[in-house]
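Notes to accompany the following structure.
Both ligands and their constituent atoms are indexed starting at 1 by order of listing. Since the structure is predicted, the reported quantities are computational estimates derived from the model, not experimental observations. Keep in mind that the numbers below use all heavy atoms, side chains included, and drop hydrogens, waters and symmetry copies.
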Amino acid sequence: MTSLPIITENTAIPASTTPPGSPGSPDSTLLPISETFVSVQGEGLLTGVPSVFIRMSGCNLRCAWCDTPYASWAPEGTRRSIADLVAEARAARVGHAVITGGEPMLFDAVEPLCAALRAAAIHITIETAGTIARPPTRLACDLMSISPKLASSTPRNDPRDPTGVWAERHESRRLNIPALNTLITEYDHQLKFVVSTTADLAEIEALLSRLPAVSPTRVLLMPEGTAPPTAEVRQWLVRECVARNWRYCTRLHIDLFGHLRGT
Ligand code: SF4
């Protein structure tokens, strides 16, 4: 893998370290890609659907428990053209593409990529933390899969962040209510939350009170962790979902393959 420059800011990235396809990049036809693979969608409303995954490398957040640090904390990968990515998606012959990251909404080139996938009649899911909105007039997307980050995601006393600069940035960026409301209003959507404690549930309820367009049936809770959850954890979370008419969300890829890249 080729090391890519680490994205440190949304808007103030020095030109020499601006990854291709990102805001301010001179080349809007290349995207930093950490991996592509074909598998089944492991999470959300389309769980089990065969999909080609296109993972962009680079993120404006640094979640403490990020399960793809090679696309956030230490982004790596290669620069690939939109034509190349679309050809690979077509060749996969699965009809669904999952644009994920990292944070795919960081990159302007996500727009021509999704336009080309739409032209190829491929269903598009975009997986995002919901901190950046792009309008549907510019971005083709059939399912906006939004995963807002709760307070427990902030990397406190993390050895990867010795000065605490990322903890501060992450905390200030992790919730963008106007962007979330735009994405929820403008796109078919689901909201996925990673949950580890009852405190997370109260935080989700408080957040949802600020997102009035969300239907409870589009709120999905996933247990935190990169290993299959215990029966006790699953049962606790199912009870909490049923009480609120939310959905419990499995992680099929973890159940099937464990925490393994490319699955
Ligand atoms: S938003 Fe996603 S990719 Fe970025 S740090 Fe958090 S979990 Fe990792």
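Within the structure, the closest approach of Lys149 to ligand 1 falls below 4.0 Å when heavy atoms are considered.
For atom 4 (Fe) of ligand 1, the nearby protein N/O/S atoms, meaning those under 2.8 Å, are Cys59 SG.
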Problem set entry | Evaluation steps, side chain to side chain donor-acceptor pair (under 3.5 Å), between Glu224 and Ser196 | CA-CA 5 Å; Glu224 196 257 317; Ser196 52; 4.6 Å; no
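Counted within 6.0 Å of CG on Asn157, heavy atoms from surrounding residues, nucleotides or ligands total 12 or fewer; the atom is thus considered open. Counting heavy atoms of neighbouring residues, nucleotides and ligands inside a 6.0 Å radius, atom CD of Glu205 exceeds 12 of them.
Here the CZ-CG distance, from Arg90 to Leu117, works out to 10.0 Å after rounding to the nearest 0.5 Å.
Applying the side chain to side chain contact (heavy atoms under 4.5 Å, CB included) rule to Arg80 yields the partners Ile33, Thr36, Thr78, Asp84, Leu85, Glu88; only residues at least two apart in sequence or on another chain are considered.
Without hydrogens or angle criteria, Ser215 side chain to Thr217 main chain gives a donor-acceptor distance under 3.5 Å.
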